[in-house]
Amino acid sequence: MNSGAVESAALTPLPRAFYERPTTEVARDLLGRYLVFDPPGQPRRIARLVEVEAYLGETDRAAHSWHGRTPRTAPMYEEAGHAYVYRIYGMYWCLNAVTEAVGVATAVLLRAAEPLEGIEQPTDGPGKLCRALGIDGTLNRADLTASPLRITAGAPVTEAEVATSPRIGVGYAGEWAELPLRYFVATSDWVSHRRSPRRRSNG
């Protein structure tokens, strides 16, 4: 998709208050939003979020903050609407949006997105998404409401399009591994896994 196909209203950054809500609500509402990055001196990159995971703070055995505050997890304890970027396997960067109140240590992992503009690589996985957009550790703590890396209004999805499943790769987390805290667009070709989707209900 070229830049002319992305409406300006869809590029309006989400406000801080969007992130200062329960993490599960933020996770579901991030589907369809646009992840936008304007690297200095390079073309803009835009992708539409289609898969995310909620991490619920120090009681969540799958969350980094389950071990408490450390230099690595400090951004999770800070103001909502900022990026928490960390490296896995010593080689892949992952991007999270910090949620709720200061000190709660919750976040939403951005797992996959549909490329819209300026992206030539796969984006169907958290490491792939960061690599395709050029996101790395220098963007840790970036303000997602007002910086070159931001999340914008995009094109929100309906309840009928949303499915849930347990999170990916957290089998070590006991009963927390089975909770349906992964949210994704059921019809998207860009989600990273197709495991046991559960359609959401309005009831």
Side-chain angles (χ1 to χ4, degrees), residues 1-55 75-76 78-85 93-102 104 106-121 123-124 126 128-136 138-162 182-191 200:
M1 180 179 288
N2 59 40
S3 58
V6 178
E7 296 182 3
S8 58
L11 296 177
T12 301
L14 297 173
R16 184 88 54 214
F18 176 92
Y19 302 96
E20 295 173 332
R21 300 180 295 146
T23 304
T24 53
E25 292 182 13
V26 176
R28 183 264 173 265
D29 288 349
L30 279 171
L31 295 178
R33 310 297 184 167
Y34 291 176
L35 179 61
V36 180
F37 184 37
D38 286 304
Q42 299 181 44
R44 172 176 292 175
R45 298 155 194 183
I46 305 175
R48 183 172 181 257
L49 295 171
V50 298
E51 181 186 356
V52 301
E53 290 178 345
Y55 287 87
M76 296 183 72
E78 297 168 5
E79 188 179 36
H82 285 75
Y84 167 43
V85 182
W93 295 102
C94 293
L95 171 63
N96 300 253
V98 177
T99 56
E100 302 194 33
V102 172
V104 178
T106 51
V108 177
L109 171 64
L110 309 185
R111 281 200 59 92
E114 174 190 354
L116 297 182
E117 179 182 320
I119 298 170
E120 304 296 335
Q121 300 179 51
T123 51
D124 55 339
K128 292 179 182 179
L129 178 61
C130 285
R131 184 169 56 214
L133 272 76
I135 295 167
D136 60 23
T138 64
L139 292 163
N140 194 31
R141 290 187 168 93
D143 187 345
L144 298 174
T145 73
S147 76
L149 177 66
R150 56 202 180 276
I151 300 175
T152 71
V157 301
T158 65
E159 281 296 304
E161 298 173 85
V162 179
R182 173 177 171 252
Y183 301 78
F184 59 100
V185 179
T187 57
S188 175
D189 292 330
W190 292 94
V191 298
R200 280 167 58 89

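Quick caveat: nothing in here was measured; it's all calculated off a predicted structure.
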Compare all side-chain heavy atoms of [X] with those of [Y] and state whether any distance is below 4.5 angstrom.
X	Y	result
Val26	Phe18	yes
Lys128	Gln121	no
Asp136	Val85	no
Asn140	Tyr84	yes
Thr152	Ile46	no

Would you please name every residue forming a salt bridge (Lys or Arg N to Asp or Glu O under 4.0 Å) with Arg150, sequence neighbours left out?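 Applying salt bridge (Lys or Arg N to Asp or Glu O under 4.0 Å) to Arg150 gives Asp38.
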
Using modelled atom types and a 3.5 Å cut-off, is there a donor and acceptor pairing between side-chain atoms of Arg111 and backbone atoms of Pro126? no

Quick one: does any side-chain atom of Thr123 pair with a main-chain N or O of Ala113 as donor and acceptor, under 3.5 Å?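 Judged by distance alone, yes, a pair lies under 3.5 Å.
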
Write down the atom of [X], the atom of [Y], and the distance for their closest heavy-atom approach.
X	Y	answer
Pro39	Pro43	CD-O, 3.5 Å
Arg28	Glu159	NE-OE2, 2.5 Å
Leu129	Ala112	CD2-N, 4.3 Å

Evaluate the criterion side-chain contact (heavy atoms from CB on, under 4.5 Å) for residue pair Val6 and Leu11; output intermediate values, then yes/no. CA-CA 8 Å; Val6 178; Leu11 296 177; 3.6 Å; yes

Go through the steps to decide whether Leu14 and Asp29 satisfy the test side-chain contact (heavy atoms from CB on, under 4.5 Å), and finish with yes or no. CA-CA 11 Å; Leu14 297 173; Asp29 288 349; over 6 Å; no

Please assess Leu133 against Val36 for the test side-chain contact (heavy atoms from CB on, under 4.5 Å), listing each intermediate value before the final yes or no. CA-CA 9 Å; Leu133 272 76; Val36 180; over 6 Å; no

By side-chain contact (heavy atoms from CB on, under 4.5 Å) - contacts of Glu120 (at least two apart):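 None.
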
Apply side-chain contact (heavy atoms from CB on, under 4.5 Å) to Ala10 and list each qualifying residue two or more places apart in sequence or on a separate chain.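 Ala10 satisfies side-chain contact (heavy atoms from CB on, under 4.5 Å) with Tyr34 once adjacent residues are dropped.
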
Start with the C-alpha gap between Arg48 and Val157, add the side-chain angles, then the distance that decides, and say whether side-chain contact (heavy atoms from CB on, under 4.5 Å) holds. CA-CA 11 Å; Arg48 183 172 181 257; Val157 301; 3.2 Å; yes

Among Thr145, Leu30, Val108, find the residue that satisfies the side chain to side chain contact (heavy atoms under 4.5 Å, CB included) test when tested with Ile151.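 The passing option is Leu30.
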
Which residues pass the side-chain hydrogen bond (donor to acceptor under 3.5 Å, both in side chains) test with [X], not counting sequence neighbours?
X	result
Arg45	Gln42
Thr106	Thr23, Thr99
Thr158	Glu161

Here's one to test your reading of the geometry: is the NZ or CZ of Arg16 within 45 degrees of the ring axis of Tyr19 and under 6.0 Å from its centre? no

